[in-house]
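Computed from a predicted model, the values in this text were never measured in an experiment. To find a chain, count down the sequence lines: A is the first, B the second, and so on, and within it residues start at 1.
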Amino acid sequence: MRRPCNTAAIRLYTTSGRQRQCASSLLRRGDRKGPHGYTAAMRSRQTTGQHALPSLVPVTGAVPPPGHRPPESHLPELQQALLAWFAANARPLPWRRQYTPYEVWISEIMLQQTQMERGVSYFLRWMERFPDLPALAAASEEEVLHAWEGLGYYSRARNLLAAARLVMREHGGIFPSGPDAIRALPGIGPYTAAAIASIAFNLPVACIDANVERVIARVFDVDSPVKSGPAAARIAELARRLLPAGEARRHNQAMMELGALVCGKKPRCGQCPLARFCTALHLGIVHERPVPGKKAEITPIEVVTGVLSSHGRIFVQKRLPRGAWGGLWEFPGGRVEPGETPEQAVVREFAEETGLAVRVTAPLGVIRHGYTTYRVRLHCFALEPVTDATPRPPEPPVLTAATACRWLERGELESLAMPAAHRKLADSLTAPQGALLAAF
DNA sequence: GACTCGTGGCG
DNA sequence: TCGCCAAGAGT
């Protein structure tokens with residue numbers, strides 16, 4: 001299965017240009033003054049204070065306009081406005097046709113920490129390859145990882161397979177409908193359990209994801225970091241109270257859709273169905289909600305990898321089953337140690353990870369990528385085996401960082417799941433005009 | 001709670 | 001170039 005690229009089908013699901021235009025003009029206006037007469041200086045002071053609400057004072061002469069409807073005392077009206085908005089603005093996503101548990105499940109896992117457009121393209125390809133749960137359960141991990149290649153967080157794919165097999169074994173192949181049974185499946189945490197229970201089965205549970213947190217933090221003016229305990233508890237309680245009876249499926253999707261399309265990082269308050277209920281908008285502090293947590297530090301690191309070729313074949317190894325890129329295939333390599341050149345590092349890493357003696361024949365360039373806490377520069381090299389004069393049977397590799405290895409024909413690189421950076425390198429090897437091809 | 005786990009798009 | 005982040009879960 002080939003990695004999805006930007007296909008024409010995806011355009012169906014993107015935000016329209018009209019919405020983008022409206023949003024930008026609104027944002028500029030809001031940045032300058034705020035919709036209700038509070039200055040930027042006022043907002044700035046509110047952000048740093050622990051108690052934004054009590055310290056709020058209108059600009060001299062400005063009176064907060066009438067019409068704000070405190071959300072706590074207008075829940076039914078708010079719920080109705082949200083559902084009406086969703087009915088008119090819901091995107092026609094592929095898993096919104098039938099709401100089968102399998103499709104809802106796959107879509108929810110794929111969309112974790114993944115942008116909608118990418119999720120849609122992978123979802124469509126996934127359903128061609130694994131059309132139902134038994135088909136997934138019958139697949140190999142190699143196949144599943146290959147279908148997932150490029151999405152990242154590969155434990156999601158491994159857990160999907162494990163969960164599918166568990167459902168076959170313990171639930172007779174029928175996706176469980178009880179919240180506890182759903183939550184017990186590998187890879188399904190609090191959010192996803194609630195999403196499947198409500199969206200697939202319309203059970204009365206509230207979904208709380210980053211979108212919902214953002215919407216609630218603004219509408220109800222939650223003034224502590226949303227990831228902290230107190231804020232999380234308040235948001236959970238508010239989310240429960242917001243849920244209309246019998247409407248969990250539509251309501252939860254509406255909350256998340258609103259957070260994605262309107263109440264995003266760039267809020268489009270002018271087109272928001274909840275604007276008249278929104279406390280943060282009323283106070284002119286929409287941009288200060290939600291209150292962010294502390295940000296992680298990014299460490300720059302130098303990493304090397306090498307493409308070892310011998311007799312027209314290329315060496316790859318399969319990473320250990322757990323941890324980063326677990327179960328994916330890669331070219332051996334590792335970090336450059338202090339005082340070491342990248343060339344020295346790749347020779348050392350090959351010796352440590354495979355027992356193979358190699359030498360560098362050519363540099364293949366530097367690939368930049370980043371993940372969570374690292375910003376990586378991956379130095380790539382072409383390698384050849386170091387052989388002594390006397391012919392002898394080739395010694396088998398001694399793998400210390402992998403469970404398997406293979407010598408591949410160049411065309412076979414396509415068939416294995418690889419980390420994104422290694423995939424870029426592999427693609428450069430087979431590219432028709434690859435500047436690196438001469439090295440082979 | 002604090003960490004880890006990927007990737008590509010965007011301003 | 002760089003920081004931020006997009007429908008979180010597992011340890």
Side-chain angles (χ1 to χ4, degrees), chain A residues 3-6 10 13-15 20 23-24 27 91 93 95-96 104-123 145 148-160 162-163 182-196 198-199 206-215 225-230 232 252-261 263-266 290 292-300 319-320 322-328 330 367-378 417-424:
Chain A
R3 300 175 303 289
C5 296
N6 294 329
I10 300 314
Y13 306 109
T14 57
T15 309
R20 294 179 198 280
S24 62
L27 184 68
R91 291 168 291 185
L93 301 170
W95 48 86
R96 285 180 176 163
V104 171
W105 171 44
I106 299 299
S107 69
E108 289 300 336
I109 300 296
M110 281 188 173
L111 289 173
Q112 290 170 12
Q113 308 292 291
T114 301
Q115 292 175 343
M116 176 64 73
E117 199 167 312
R118 279 173 73 68
V120 168
S121 72
Y122 275 83
F123 178 88
L145 287 174
W148 200 266
E149 186 190 282
L151 267 184
Y153 289 126
Y154 295 92
S155 64
R156 292 184 294 171
R158 298 193 299 269
N159 282 333
L160 276 177
I182 295 173
R183 177 67 179 80
L185 296 174
I188 295 184
Y191 162 75
T192 305
I196 296 173
S198 61
I199 298 174
C207 289
I208 301 172
D209 71 339
N211 284 313
V212 175
E213 286 175 347
R214 194 166 53 248
V215 171
V226 289
K227 297 300 182 187
S228 67
N252 281 336
Q253 292 189 89
M255 287 286 286
M256 293 188 280
E257 197 84 338
L258 187 72
L261 297 182
C263 194
K265 193 165 76 171
K266 288 174 48 173
K294 72 175 175 72
K295 43 203 164 194
E297 288 198 12
I298 304 296
T299 308
R319 292 178 61 91
L320 301 178
R322 312 208 182 288
W325 302 290
L328 272 65
E330 66 170 9
I367 295 174
R368 291 170 175 77
H369 64 115
Y371 54 97
T372 324
T373 54
Y374 296 106
R375 181 173 57 248
V376 178
R377 291 205 309 163
L378 177 64
M418 307 182 79
H422 289 244
R423 173 58 63 194
K424 289 179 192 169

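- Remark on DNA chain B: of its neighbouring residues A:T114 and A:S228, the 5'-side contact belongs to A:S228, judged by nearest-heavy-atom nucleotide.
- A:R423 has its CZ atom 16 Å from the P atom of B:dG6, to the nearest Å.
- In this structure, A:R156 has no salt bridge (Lys or Arg N to Asp or Glu O under 4.0 Å) partners at least two apart in sequence or on a different chain.
- A:L151 has its CG atom 13 Å from the C1' atom of C:dA7, to the nearest Å.
- Using a 4.0 Å cut-off, no side-chain N or O of A:W148 falls inside it from OP1 or OP2 of B:dG6.
- Between C:dA7 and B:dA2, the two P atoms lie 23 Å apart (nearest whole Å).
- Within the nucleic acid shown, A:A420 comes within 4.0 Å of sugar-phosphate atoms alone, with no base atom in reach, counting heavy atoms only.
- Side-chain atoms of A:R183 lie closest to C:dG10 of the nucleotides B:dT4, C:dA7, C:dG10.
- Across A:C207 and A:S198, no two heavy atoms sit closer than the pair SG-OG, 3.6 Å.
- Under the rule for a side-chain hydrogen bond (donor to acceptor under 3.5 Å, both in side chains), the partners of A:T192 that lie at least two apart in sequence or sit in another chain are A:Q112.
- Atom NZ of A:K424 is separated from atom P of B:dG6 by 15 Å (rounded to the nearest Å).
- In this structure, A:L160 atom CG and B:dC5 atom C1' are separated by 15 Å, rounded to whole Å.
- Between C:dA9 and B:dG8, the two P atoms lie 22 Å apart (nearest whole Å).
- Closest to the side chain of A:N159, from the set B:dG6, C:dG8, C:dG10, is C:dG10.
- Under 4.0 angstrom from either OP1 or OP2 of C:dA6 there lies no side-chain N or O belonging to A:Q113.
- Across C:dG8, B:dT7, B:dG6, the shortest atom-to-atom separation from the side chain of A:Q112 is found for C:dG8.
- Checked against side-chain hydrogen bond (donor to acceptor under 3.5 Å, both in side chains), A:N159 has no partners two or more places apart in sequence or in another chain.
- When all heavy atoms of A:E330 and A:P419 are compared, the pair lying nearest together is CB-CD, 4.5 Å.
- Each of A:Y153, A:W148, A:F123 was compared with A:I109 under the side-chain contact (heavy atoms from CB on, under 4.5 Å) criterion, and only A:W148 meets it.
- Considering only side-chain N and O atoms, A:T192 lies under 4.0 angstrom from the phosphate OP1 or OP2 of C:dA9.
- No engagement by A:G119 is indicated, since no non-hydrogen atom pair under 4.0 Å with the nucleic acid exists.
- Side-chain atoms of A:T373 lie closest to B:dT4 of the nucleotides B:dT4, B:dG8, C:dA7.
- For A:Q115, counting side-chain heavy atoms from C-beta on, the closest listed nucleotide (C:dG8, B:dT7, B:dG9) is B:dG9.
- Residue-level contact check: A:R96 touches the bases, meaning some heavy atom is under 4.0 Å from a base atom.
- One interatomic measurement links the two molecules: CG of A:L145 to P of B:dC5, which rounds to 16 Å at whole-angstrom precision.
- The distance between atom NZ of A:K227 and atom C1' of B:dG1, rounded to the nearest whole Å, is 13 Å.
- Not counting sequence neighbours, the partners of A:E213 by the side-chain hydrogen bond (donor to acceptor under 3.5 Å, both in side chains) test are A:K227.
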What pairs of nitrogen or oxygen atoms, one from the protein and one from nucleotides 1-3 of chain C, lie under 3.5 Å apart?
unit_1 : atom_1 : unit_2 : atom_2 : d
C:dG3  : OP2    : A:R375 : NH1    : 2.8

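- For the pair A:Y153 and C:dA6, the criterion of a side-chain N or O lying under 4.0 Å from OP1 or OP2 is not met.
- Checking the phosphate oxygens (OP1, OP2) of C:dG10, no side-chain nitrogen or oxygen of A:R322 falls inside 4.0 Å.
- Comparing atom distances between the A:R118 side chain and each of B:dG8, C:dG8, C:dG10 picks out B:dG8 as nearest.
- Comparing B:dG8, C:dA7, B:dT7 by their closest approach to the side chain of A:D209 singles out C:dA7.
- Side chain of A:P190, nearest nucleotide from C:dA9, B:dT4, C:dA7: C:dA9.
- Remark: A:R158 pairs with no residue by the side-chain hydrogen bond (donor to acceptor under 3.5 Å, both in side chains) rule, at least two apart or across chains.
- The interatomic distance linking A:K294 (NZ) with B:dA2 (C1') rounds to 7 Å, in whole Å.
- Note on A:A296: nothing from the nucleic acid sits closer than 4.0 angstrom, heavy atoms only.
- The OH-P distance, from A:Y374 to B:dT4, rounds to 6 Å in whole Å.
- A pairwise comparison of heavy atoms in A:E149 and A:M418 identifies OE1-N, 2.8 Å as the closest pair.
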